[in-house]
Structures are given as C-alpha cells and as structure tokens.
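Computed over heavy atoms, backbone and side chain alike; hydrogens, waters and symmetry mates excluded.
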Amino acid sequence: EPQMVLALCERRAGKGAAAIKTLETLLERVPTHGRAWQELGHCRRAVGSPDAAAYAYRKAVDANDYLVGSWQAIAAYEAWIGNQLGARMAGQEVSYLQGLPQQLVAIGNLLNDRRFEEAEALCREFLETHPDSAEAKRLLAKMGVEFGRMEDAARLLEQAVQDEPKNVRCGIDFVNLLSKLHRYEEAYNAAQALAKHHPGHPNIEILIASQAAHLGRPEEAVRIYDALLPKLQAPTQLLNFRALALNTQGDQDGAVSSYR
C-alpha cells in the first residue's frame, strides 16, 4: 500500500516522526493491519520510545502471529525490562516460526491479510504433499472458522493435536474453538492435556481457568488466576477474568477490587 511504502521510506530517510504519523493515519483506517503495527514498532524504537514500540509489536502479533520480526522485538524488550517469562514465551514463538517451512509462513501471512481464497488453495496444495503437517491443518481450520465451517475446523484441529500433541498453537486454537462451540468439558480436558506437555504455561493455565468457569467451577478458576498473578507483569486482562469468576462465585466485593 502507498502509505506503507511511504512510511518505510520516511523511516529509512531518518524521518521517524513523519513515518509514525503516516502509520498512525493508516492504522486509524485499518486497525488490524499487522505489518503496519510492526513498522510502527520499528519507527518508535528508532526514535527512542521502547515502551511505545513494544505496544506496537504486541498489536502486530495480535493481528498477525506470523510476524517473526515483532516476536523477536518483543522477546528483546521483555528481556530488557527483566520479564524473563515474557522473553521466554516470545522466544518460543520465534523458534516455532523459524522452524516452519517458508510456504506455511507465507500462507499464514496471506490468511492474516484476509486473502482467504489464495491462502486456502496454497494450504490444500501443501497438505497434499505434507499430510501430517499440524500447522497446515491449523491454518486450514482458521480459514474454516472464517467461512463458518466450525465443525470441519474442529475436526482439523483435533487431527492436528493428535499429530503434534505438544504444539501450543494447535492446542490453544483447539481449546478456544471447542469453547466457542460450547463444548466446555472437551475444551477443559484438551487444555489439561496440553498443560501436561507445558506445565506452568500462563496462556494454557488461563484456558484451563476459563473452561472451569464455564463448567460452573469459578473457585477453581480463581485459584488458577491467583497463582498466575505474581508471575505476570501488567496482568490487566487476567484481573478482569478473575473478577468475572469472583462475580460468578458471589464475591461482589472481590470482583470490584479485582476490576480496580
């Protein structure tokens, strides 16, 4: 896009402030543009704003989790501020992406750019020659969700998890989709199975807690959230989850305190 090219040229010309303004204008129009968020992170880092850069990089991977440059920047930032858990988790994402065939990274980027037909055709072509690829099945499942083929997507993710039971991305997507389909008991069991391979992984623990809450066990959810709180920096979302669980449990005062 012209604005992306312009911002890149501005940054390389040393016009960081101008590049930031260009990108912020673009992101007002397209707030889920992962590559624009990543470039904004580069620009903010170049002008000496590491905290603002880290925020942009996190927004980038929220929009497109195949942006290895953003994951690398997040890992470096978390290590710099002393958050070793955050640095390790971001580093694991870098290692995972770097270990994938480039075709799958390209398909992931197409998917996140919402070029669904092209992404689906390439993914199916890849699966013809790599039928055991868990990541390819995960990508195809994500497209199925986009097209409303939820049960097909669930079957693909179940196969992916069977192929690679330690795969965090596949496992988390499977749990989230089961939950979306209101299959909470299956989601809880799938999250527990994934946790056996990755004990203490915060995102998996949060999944277990959320499914416990769906199953009417808010006290279990609160216990998990309370155990996670000391390990996380700026756990705003976790505090909100905890407040919802406390509210369900009938602890109104605790819920209000957690929201605050």
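Distance check, rounded to the nearest 0.5 Å: CD1 of I208 to CZ of R223 gives 12.0 Å. For the atom pair CG (N176) and CG (L207), the distance works out to 5.0 Å, reported to the nearest 0.5 Å. Separation of atoms CG (L178) and CG (L157) is listed at 8.0 Å; rounding is to 0.5 Å. To the nearest 0.5 angstrom, N112 atom CG is 12.0 Å from I107 atom CD1. Separating the CG atom in L127 from the CG atom in D132 is a distance of 9.5 Å, to the nearest 0.5 Å. Expressed to the nearest 0.5 Å, how far CZ of R35 lies from CE of M4 amounts to 5.5 Å.
Annotation: side-chain contact (heavy atoms from CB on, under 4.5 Å) contacts of P101 (sequence neighbours excluded): Q103, L104, F126. In terms of the side-chain hydrogen bond (donor to acceptor under 3.5 Å, both in side chains) criterion, residue partners of S179 (sequence neighbours excluded) are, by chain and number, Q211. With sequence neighbours excluded, the residues satisfying side-chain hydrogen bond (donor to acceptor under 3.5 Å, both in side chains) with D173 are R138. Scored by the side-chain hydrogen bond (donor to acceptor under 3.5 Å, both in side chains) test, Q162 finds no partners at all (sequence neighbours excluded). Not counting sequence neighbours, the partners of R29 by the side-chain hydrogen bond (donor to acceptor under 3.5 Å, both in side chains) test are Q3.
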Donor-acceptor contacts under 3.5 Å from residues 86-97 side chains, at least two apart:
unit_1, atom_1, unit_2, atom_2, d
E93, OE1, R169, NE, 2.9
E93, OE1, R169, NH2, 2.8
S95, OG, G91, O, 3.2
Y96, OH, E135, OE1, 2.5
Y96, OH, N167, ND2, 3.0

Identify each donor-acceptor pair in which a side-chain atom of residues 190-204 lies under 3.5 Å from a protein atom, sequence neighbours left out, and give them as a table.
unit_1, atom_1, unit_2, atom_2, d
Q192, NE2, Y188, OH, 2.9
H198, NE2, K166, O, 2.6
H201, ND1, N203, N, 3.3

Just list the side-chain donor-acceptor pairs under 3.5 Å for residues 55-62, sequence neighbours left out, or say none.
unit_1, atom_1, unit_2, atom_2, d
Y57, OH, G41, O, 3.3
Y57, OH, H42, N, 3.1
Y57, OH, H42, ND1, 2.6
Y57, OH, R45, NH2, 3.4
R58, NH2, E78, OE2, 2.4

Listing, residues 146-156 side-chain donor-acceptor contacts under 3.5 Å, not counting sequence neighbours, or none:
unit_1, atom_1, unit_2, atom_2, d
E146, OE1, R114, NH2, 3.4
R149, NH2, E120, OE2, 3.3
E151, OE1, R183, NH1, 3.2
D152, OD1, R155, NH2, 2.3

Candidate pair E220 and L215, rule side chain to side chain contact (heavy atoms under 4.5 Å, CB included), full reasoning: CA-CA 10 Å; E220 180 182 349; L215 289 167; over 6 Å; no
Derivation of the side chain to side chain contact (heavy atoms under 4.5 Å, CB included) call for C170 and E164: CA-CA 8 Å; C170 293; E164 294 185 18; 5.7 Å; no
Verdict with supporting geometry, V47 and C43, side chain to side chain contact (heavy atoms under 4.5 Å, CB included): CA-CA 6 Å; V47 299; C43 293; 5.9 Å; no
Test log, rule side chain to side chain contact (heavy atoms under 4.5 Å, CB included), inputs I74 and W71: CA-CA 5 Å; I74 292 169; W71 284 117; 4.2 Å; yes
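For the pair W37 and T32, the minimum side-chain heavy-atom distance is 4.5 Å or more. Looking only at side-chain heavy atoms (C-beta outward), I224 and I206 stay at 4.5 Å or farther from each other. Residues Y184 and S210 form no side-chain contact, since every pair of their non-hydrogen atoms from C-beta on lies 4.5 Å or further apart.
Nearest heavy atom pair, residue C123 against residue A136, reads SG-O, 3.2 Å. The two residues A134 and D163 come nearest to each other via the heavy atoms CB-CB, 4.5 Å. Across A212 and A221, no two heavy atoms sit closer than the pair CB-N, 4.3 Å.
Taking Ile, Leu, Val, Met, Phe, Trp and Tyr as hydrophobic and joining them when side-chain heavy atoms fall under 4.5 Å apart, one finds L8 isolated, its cluster having no other members.
No donor-acceptor pair closer than 3.5 Å links the side chain of S49 to the backbone N or O of A52.
Cluster membership for V145 and L111, using ILVMFWY side-chain heavy atoms within less than 4.5 angstrom, is not shared. No continuous path of hydrophobic side-chain contacts links L6 to I20 [ILVMFWY only; heavy atoms under 4.5 Å]. Both F116 and L139 are part of a single hydrophobic cluster, where members link through side-chain heavy atoms under 4.5 Å apart.
Residue pairs meeting the side chain to side chain donor-acceptor pair (under 3.5 Å) criterion with at least one member in residues 17-28, sequence neighbours excluded: E10-T22, E24-R44. The ring-ring contact (aromatic ring centres under 6.0 Å, His included) pairs that include a residue from residues 157-178 number zero, where partners must be two or more places apart or lie in different chains.
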